[in-house]
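Accompanying notes for the structure given below.
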Amino acid sequence: MPVDLTTVNWLYVSILSAFVFIACLLGSIISFKHKVAAAFIAAVLFAAGFVFWTYYPRENFPDVIKSLPTSAR
């Protein structure tokens, strides 16, 4: 089953990729180079960022942020 790349929401993918990058970077810094601890911290930070981005109400945010996608659809 091929993936139709024209239907991918690339803005949403790039936002989630930025969350993963930041979570991994912070996990590595916080854990002092312990790989398992860094992976665990990164997973927790990504989960928190994803839940915030997807489910947090956006009434108080600037219009620029309100217009960004909150889910892949």
Point to revise | Considering all heavy atoms, the nearest Ser31-Ala37 contact | key: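 Distance-wise, the nearest heavy atoms are CB-CB, 3.8 Å.
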Practice item. Applying side chain to side chain contact (heavy atoms under 4.5 Å, CB included), name anything that partners Phe50, two or more places apart in sequence or on another chain. Key: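 Residues passing side chain to side chain contact (heavy atoms under 4.5 Å, CB included) with Phe50: Tyr12, Leu16, Phe46, Thr54.
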Point to revise | Side chains of Val8 and Val13 in contact at under 4.5 Å (non-hydrogen atoms) | key: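 Yes, their side chains come closer than 4.5 Å.
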**Study point:** Any Ile15 side-chain heavy atom under 4.5 Å of Leu11 side chain
**Key:**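 Of all side-chain heavy-atom pairs linking Leu11 with Ile15, at least one is under 4.5 Å.
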**Study point:** From CD1 (Ile22) to CG (Leu45), nearest 0.5 Å
**Key:**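 Atom-to-atom, Ile22:CD1 and Leu45:CG are 10.0 Å apart.
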Practice item. Verify the cluster assignment for Ile30 and Val44: are they in a single hydrophobic cluster under the rule of side-chain heavy atoms below 4.5 Å apart? Key: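 No; tracing contacts between hydrophobic side chains, which count when under 4.5 Å, never links both residues.
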Could you list the donor-acceptor pairs under 3.5 angstrom formed by side chains in residues 59-72, with sequence neighbours left out?
| residue | atom | partner | partner atom | Å |
| --- | --- | --- | --- | --- |
| Lys66 | NZ | Glu59 | O | 3.2 |
| Ser67 | OG | Val64 | O | 2.8 |

Point to revise | ring-ring contact (aromatic ring centres under 6.0 Å, His included) contacts touching residues 15-40 (sequence neighbours left out) | key: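 Qualifying pairs: Phe19-Trp53.
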